[in-house]
Amino acid sequence: MVKLPPLKILFIIKCGLLSFVHSQHLQISTRFMSGNVIFTWTPSNHSSHFILITRDTTRDKIWTRVTDTQYTVRDVLLYDNITINVRTPGSATDNRMAYNVFKIKIKVGDTVNLSWTAPFFPVAGLYIVYHTYRENRTVFRIESSGVSYGGYNQSSKYTYLTRPCNSTNIMFEIRDITLDDAGYYNGGSNDEAAWSGGGVVLIVHNKPSKPKITGDLNVEVNNATSLTCSSQSTSVPDYYSKLLTLSHTWLVNETKMGREIRDTLRLKVTKDFKYNKYSCTATEDVMESDRSDPVQINPLYGPDRPKITPEPVLNVNGKLTVREGETIGPFVCIADCNPPCNITWRVQGSDGFSDACSEMGTLLQQAVQRDIQLFQCIADRGDKTLKQSIQLDVQCKYFIGI
Ligand SMILES: *[C@@H]1O[C@H](CO)[C@@H](O)[C@H](O)[C@H]1NC(C)=O
Ligand SMILES: *[C@@H]1O[C@H](CO)[C@@H](O)[C@H](O)[C@H]1NC(C)=O
Ligand SMILES: *[C@@H]1O[C@H](CO)[C@@H](O)[C@H](O)[C@H]1NC(C)=O
Ligand SMILES: *[C@@H]1O[C@H](CO)[C@@H](O)[C@H](O)[C@H]1NC(C)=O
Ligand SMILES: *[C@@H]1O[C@H](CO)[C@@H](O)[C@H](O)[C@H]1NC(C)=O
Ligand SMILES: *[C@@H]1O[C@H](CO)[C@@H](O)[C@H](O)[C@H]1NC(C)=O
Ligand SMILES: *[C@@H]1O[C@H](CO)[C@@H](O)[C@H](O)[C@H]1NC(C)=O
Ligand SMILES: *[C@@H]1O[C@H](CO)[C@@H](O)[C@H](O)[C@H]1NC(C)=O
Ligand SMILES: *[C@@H]1O[C@H](CO)[C@@H](O)[C@H](O)[C@H]1NC(C)=O
């Protein structure tokens, strides 16, 4: 049995492969579609190809095997140029194609000049400029007889600026830009030709929608809450605006809060937050949204130990000395709570607690019976209750009958 070292086997196989493979030159074409670029190459005798994409200066780390004769690079508006390199299996021959992503950003109401270089000007003398976003339409036609804007020799919206008309440097002006003007512009002798490579994407910037603030506004004091500022880009085309992240500004009353730019604001709530008004804006590039409607946090707190007024004058035992049959009160009981506490009064006699005669948190004036041990004010905020008591030292009257 002959044993060959593995390295040698590899070498032989590789040489064998190389000797059969011809370096193939692939024709690659490009097509811009809704924010993506589709690279298509001429079919070869191979069922699969290896591709490597470079976005600006960032090159894919690994080759991707594709079984189709096309490949879509998504969200190309994030870049200035996209390059594809296609290799047939086993070949080291590069087939490169670059796509330059021409984009212009402007605002509603502006006037803009769009320009690109056509690969050639059609000999037949007809060059059509198209615009596509949600639908395809002809912007104008350059004919040997002149420029035709939908049958007219001039337009209030567009002006073809290139002289001579048949130059490959295509340039035209668009006035009074609206959101409807956004999209992809390109030209050719027919629409099929127009969608292959080149052209310009016109991005129309608009201020983001007025934000809405959401979050838990009823917050226990010392707890944290998160407010979220939600707004959407209204720039077009949407295949551009979906790539954006908005930055946010938070305001308390009329004052900007620090450098907070995230869409959520985290706050540790204190009692005096109830006077603060929070609002936010969203910004895309330099376009700032209208300010959101303000929101106010409702800090939940209390009760503290209830306070009784007038303050009872207590004896050394901490009790209010009172003679049987004498009246006490009225006593007002208050407690600092949000939402306001329910204040009730109870009285403890020899047979336990019962409701005392009170009205709106005030213990009404009443005669003291001998078995009364204390009056108690209860401040109740649902799950939290605090009490304050007045202990009585009732001096009994003894009638010495004859
Ligand atoms: C591809 O196949 C065709 C016929 O099937 C052949 O004529 C041609 O030479 C092949 N090309 C390469 C590059 O192998
Ligand atoms: C495209 O990107 C490459 C880098 O990947 C750069 O060298 C080249 O100049 C760019 N081309 C254009 C037209 O911007
Ligand atoms: C467009 O180009 C024309 C001719 O070069 C120039 O007069 C005009 O000011 C340009 N418009 C804009 C908006 O740049
Ligand atoms: C625009 O025209 C191209 C080429 O004919 C076609 O592929 C595409 O689907 C059309 N787009 C719309 C929105 O009609
Ligand atoms: C446009 O056509 C009208 C006649 O339809 C003509 O009077 C006018 O001079 C033409 N304008 C230009 C700029 O060619
Ligand atoms: C443009 O038209 C002129 C005159 O008709 C002609 O001489 C010239 O070659 C044309 N240029 C192109 C790029 O077709
Ligand atoms: C406040 O925080 C405490 C502890 O984190 C939690 O148990 C409680 O549910 C919170 N209360 C409210 C109203 O969010
Ligand atoms: C916001 O305004 C209210 C009412 O004018 C004031 O009580 C509160 O202290 C202010 N908050 C801040 C953080 O300035
Ligand atoms: C206060 O009393 C009213 C009437 O009895 C009741 O509806 C309410 O829920 C009470 N509030 C609290 C915080 O206990």
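As the structure lists them, so they are numbered: ligands from 1, and atoms in each ligand from 1.
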Nearest protein heavy-atom contact for [atom]: which residue, which atom, what distance?
atom	answer
atom 13 (C) of ligand 3	T111 O, 3.5 Å
atom 6 (C) of ligand 6	N166 ND2, 4.1 Å
atom 5 (O) of ligand 3	M171 CE, 3.8 Å
atom 14 (O) of ligand 5	N153 ND2, 3.3 Å

Does atom NZ of K307 have more than 12 heavy-atom neighbours, drawn from other residues, nucleotides or ligands, at distances under 6.0 Å?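 No.
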
Residues D110, R175: salt bridge by 4.0 Å N-O rule: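 No, D110 and R175 are not salt-bridged.
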
Contact atoms of ligand 3, heavy-atom distance to E173 under 4.0 Å: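 The list of qualifying atoms is 11 (N).
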
Under 4.0 Å from any heavy atom of L161, which atoms of ligand 3 are there?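 Contacts of ligand 3 toward L161, numbered from 1: 1 (C), 2 (O), 3 (C).
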
Under 4.0 Å from atom 11 (N) of ligand 3, do we find at least one protein heavy atom?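 Under 4.0 Å from atom 11 (N) of ligand 3, at least one protein heavy atom found.
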
Does atom 2 (O) of ligand 3 have a protein heavy-atom neighbour under 4.0 Å away?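 Looking at atom 2 (O) of ligand 3, one finds that a protein heavy atom does lie closer than 4.0 Å.
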
Does an N or O from N113, backbone or side chain, lie closer than 3.5 Å to an N or O of ligand 3?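 So ligand 3 has an N or O lying under 3.5 Å from an N or O of N113.
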
Exactly one of D238, L77, V76 should register a side-chain contact (heavy atoms from CB on, under 4.5 Å) with L243. Which one does?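 Exactly one option meets the side-chain contact (heavy atoms from CB on, under 4.5 Å) with L243, and it is L77.
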
Relative to each other, are the rings of [X] and [Y] parallel, tilted or perpendicular (30° and 60° limits)?
X	Y	answer
F273	Y278	tilted
F121	Y127	parallel
Y185	H131	parallel

Below the 3.5 angstrom mark, is there an N/O of Q154, backbone or side chain, next to an N/O of ligand 5?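 No: no nitrogen or oxygen of Q154 is under 3.5 Å from one in ligand 5.
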
Side chain to side chain contact (heavy atoms under 4.5 Å, CB included) between V347 and I372: does it pass, once the steps are laid out? CA-CA 7 Å; V347 57; I372 292 179; 3.8 Å; yes

